[in-house]
Amino acid sequence: MKIGFIGLGNMGYPMSRNLLESGYDVYGLDLNPEMERRFEALGGQVGQSVESLAKTCDVVMTSLPSVVAYEHVYLAEDGLIRHAAPGVLLIDTSTVAPENNENVEKVANDYNVRFLQAPVSGGVVGAENRTLTFMAGGKASVFQDAKPIIDTLGANVFHIDEKISSGTMTKLINNLLIGFYTAGVSEAVALAKKQGMNLDGLFDVMNVSYGQSRIYERNYKTFMATNDYNPGFTLSLLRKDLGFVKETMEQVGLDLPVTNVLLDVYEEAEDAGYGEKDMASLYEHVGKQKITFQAKREESTS
């Protein structure tokens, strides 16, 4: 089986490597020539275009960084859908807006192309260790055909339902909770630090209390305690996903006030220069805030 993989970035590179190690014939494509060279050194094939992958591969997977890239790869005149060979299976693992999924599915249906939207959670570590969670939306028959491949990449594989955007909505809700947890951990630990508390000791207590969370463990142990914010998942990516949540809120006429404030917090942190650091760096941003509560109260009553 020939598998094309478009997008050899933080997530795509380890996933495509795992496909190679599982015995698949994998053709990699990325805008960054260095990533293609790294993939070729592993034994992967390179030098193909999007159009040629669509015509020659049995399956094409994508892991793309933006809506612009997503729509170009799938919907452009030289894109996957318009040049897909009969029977080819297209699987996207990116996180975009639900309406983007629906637009691509509509065109795929027009061209009689099988398409599955299967965003992932678990970060770079999950991609490397094959422990990703896949949240797939699309036709059950398409999911069943894709599942043997997905099973080589993840430990938790779910078919949410046949609505193409159902996996994306599940992922966005997951990332909304991640946004809450990351902000909560950042503020709680910043408060503890100001009080001169032992932060490792605090973690040990919280880890066996209701304050425990997997995000607390991830953010504190891997990033905050070591003061190393080399990204596993950048703050900008989380902010992007929260933006998709807000768009969906507006489309369905739902006001979520805490979510609105949360998005403002991440936008401020991104503007302050934390965008390309791991999302756990929100802790640094929070710790540098100097807020005079009396001034805030006076402002709110004026």
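For reference, positions follow the sequence shown, starting with 1.
A donor-acceptor pair under 3.5 Å is formed between the side chain of S281 and the backbone N or O of D278. Counting only distance, with no hydrogens or angles, the side chain of T93 and the backbone of P119 share no donor-acceptor pair below 3.5 Å. Under a 3.5 Å cut-off, the side chain of N18 and the backbone N or O of A127 do form a donor-acceptor pair. Of the possible donor and acceptor atoms, one in the side chain of D58 sits under 3.5 Å from a partner among the backbone N and O of K2. Looking only at distances, a side-chain donor or acceptor of R82 sits under 3.5 Å from a matching main-chain atom of L75. Remark: the backbone N or O of G167 is not paired with any side-chain donor or acceptor of H159 at under 3.5 angstrom. Of the possible polar contacts, one joining the S186 side chain to the Y283 backbone as a donor-acceptor pair under 3.5 Å is found. At least one donor-acceptor pair closer than 3.5 Å links the side chain of R114 to the backbone N or O of G87. Here the side chain of E71 pairs no donor or acceptor atom with the backbone of N100 at under 3.5 angstrom. E270 contributes no side-chain N or O that, together with a main-chain N or O of S236, makes up a donor-acceptor pair within less than 3.5 Å.
Under 3.5 Å, the side chains of T168 and S165 contain no donor-acceptor pair of N or O atoms. Residues D92 and N101 bring no donor and acceptor atom of their side chains to less than 3.5 Å of each other.
Listed here is the closest heavy atom pair of Q45 and D25: CG-OD1, 3.8 Å. When all heavy atoms are compared, the tightest approach of L116 to A146 is CD2-CB, 3.7 Å. Heavy-atom minimum distance, R130 versus S22: NH1-OG, 2.8 Å.
Between E34 and R37 there is a salt bridge, with a side-chain nitrogen of the basic residue lying less than 4.0 Å from a carboxylate oxygen of the acidic one.
When side chains are defined from C-beta on, M279 counts as touching I178, because their heavy atoms get closer than 4.5 Å. Side-chain contact check for K240 versus T95: some heavy-atom pair is nearer than 4.5 Å.
Between N260 atom CG and M249 atom CE the span is 4.0 Å, to the nearest 0.5 Å. In this structure, CG in N10 is found 10.5 Å from CE in M15, a value given to the nearest 0.5 Å. Here H83 contributes atom NE2 and L53 contributes atom CG; the two are 12.0 Å apart, rounded to the nearest 0.5 Å.
In this structure, F115 has its ring center closer than 6.0 angstrom to the ring center of Y74. Separation of the Y181 and Y216 ring centroids does not fall under the 6.0 Å cut-off.
No continuous path of ILVMFWY side-chain contacts below 4.5 Å connects L132 to F233, so the two sit in separate hydrophobic clusters.
A 6.0 Å sphere centred on CG of N198 holds more than 12 heavy atoms belonging to other residues, nucleotides or ligands.
Ring geometry for Y13 versus F39: interplanar angle over 60°, hence perpendicular rather than tilted (30 to 60°).
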